[in-house]
There are 2 protein chains.
Amino acid sequence: MRILKELPLVPAERALKVLGGRWKVYVLYFLFDGPMRLSELRRQIPDVSQKVLVQQLREMEEHGIVHREVFAEVPPRVVYTATKLGLSLRPIVSALCAWGRRHAAELDVLDDGSPAASPRARKRA
Amino acid sequence: MRILKELPLVPAERALKVLGGRWKVYVLYFLFDGPMRLSELRRQIPDVSQKVLVQQLREMEEHGIVHREVFAEVPPRVVYTATKLGLSLRPIVSALCAWGRRHAAELDVLDDGSPAASPRARKRA
DNA sequence: GCGCATGGTTACCAACTGGTTACTACATCA
DNA sequence: TGATGTAGTAACCAGTTGGTAACCATGCGC
């Protein structure tokens with residue numbers, strides 16, 4: 001569990017590191033509703049490549065928010081579950097989602113149409 | 001305001017993008033308590049280089065969570081303030097912080113000492 | 001005129017992240 | 001016999017991020 005040692009010490013930073021993979025909120029979103037197999041996750045999140053999905057799941061597992069269980073069956077079956085710690089992220093993901101929506105709404109208002117919205121025209125504008 | 005258009009569509013992802021710079025939570029943390037000059041921020045966050053700090057502040061400004069005000073004085077004075085939208089991140093940063101602390105506590109318990117904590121010894125261990 | 005402080009910018013780099021493609025191994029299905 | 005589905009791994013690549021160091025322009029005090 002080397003990776004854990006490398007997590008930032010400052011709490012908020014650490015949380016952001018844990019959440020901050022390209023596909024992790026998607027994975028969490030689905031795992032909040034129950035366990036899922038790799039192939040199911042792939043179907044639900046078609047844009048992620050298998051390599052990266054596995055990579056993200058490994059990290060989430062090492063960060064203790066996802067549990068991986070292998071069933072030694074005929075076609076190997078691997079089930080991913082959100083741990084208690086993982087489930088405890090649910091309100092945070094919700095809050096982020098709500099804030100993101102608000103952010104989108106407020107900025108689209110400013111952004112839409114009127115170029116007067118720009119408070120401090122930098123030359124790059 | 002090109003950058004706004006490129007923000008991810010999924011709200012939580014968008015929020016993470018806005019929060020997800022190496023120093024942004026630090027900046028927010030200090031701006032939550034009131035306006036600050038660049039030099040003050042540099043003093044409070046000694047590990048960040050000026051270039052990167054300015055870079056992060058620019059992004060935060062474009063994302064609408066920070067306001068930049070220039071006073072055309074003898075030594076130029078520039079003051080950064082958290083906008084209303086920026087201040088609305090406060091509870092989220094708090095939540096992330098609390099979760100990060102919990103995460104650190106729970107994992108340190110598992111991690112500390114006993115190598116038996118590892119649920120599924122991967123060869124890399 | 002020299003160095004300092006302010007608030008930057010520029011050029012250049014190294015590391016990390018995510019992505020593509022191809023490959024493994026096993027067993028069933030047609 | 002060969003394609004399909006399962007769950008991966010390995011090699012390689014490109015874009016983004018953060019970081020260093022040097023530089024600019026201004027005005028002050030000495």
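As the structure is a computational prediction, the values presented were derived from the model and not from experiment. To find a chain, count down the sequence lines: A is the first, B the second, and so on, and within it residues start at 1.
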I need the [atom1]-[atom2] distance between [X] and [N], as an integer number of Å.
X: B:Leu57; N: D:dG18; atom1: CG; atom2: C1'; result: 15 Å
X: B:Glu69; N: C:dT6; atom1: CD; atom2: C1'; result: 17 Å
X: B:Trp23; N: D:dG18; atom1: CH2; atom2: P; result: 10 Å
X: B:Gln56; N: D:dT17; atom1: CD; atom2: P; result: 9 Å
X: B:Gln55; N: D:dT20; atom1: CD; atom2: P; result: 13 Å
X: B:Leu38; N: D:dT26; atom1: CG; atom2: C1'; result: 16 Å
X: B:Leu53; N: D:dT17; atom1: CG; atom2: P; result: 17 Å
X: B:Leu16; N: C:dT17; atom1: CG; atom2: P; result: 15 Å

Assign A:Val54 to base, sugar-phosphate, or nothing according to its heavy-atom contacts below 4.0 angstrom with the strands shown.
sugar-phosphate
Base, sugar-phosphate, or nothing: which does A:Val78 touch, judged by heavy atoms less than 4.0 Å apart?
sugar-phosphate
N/O (side chain, [X]) to phosphate O (OP1/OP2, [N]) under 4.0 Å:
X: B:Gln50; N: D:dG19; result: no
X: A:Arg42; N: D:dG5; result: no
X: B:Arg58; N: C:dT9; result: yes
X: B:Arg22; N: C:dA15; result: no
X: B:Tyr80; N: C:dG8; result: yes
X: A:Ser39; N: D:dA7; result: yes
X: A:Arg37; N: D:dA7; result: yes

Just checking, any donor-acceptor pair under 3.5 angstrom between side chains of B:Gln50 and B:Arg42?
yes
Ignoring hydrogens and angles, state whether a donor on the side chain of A:Glu61 or A:Tyr80 is under 3.5 Å from an acceptor on the partner side chain.
no
5' priority, DNA chain C, between B:Val79 and A:Val52 [closest heavy atom]:
B:Val79
Donor-acceptor contact present, side-chain A:His63 to main-chain A:Ala15, <3.5 Å:
no
With a 3.5 Å distance limit and no angle check, can you tell me whether A:Glu13 reaches the backbone of A:Pro8 through a side-chain donor-acceptor pair?
no
If you check the A:Lys51 side chain, which of C:dT6, D:dG18, D:dC12 turns out closest?
D:dC12
Got a second to check how far A:Leu57's CG is from A:Met36's CE, nearest 0.5 Å?
11.5 Å
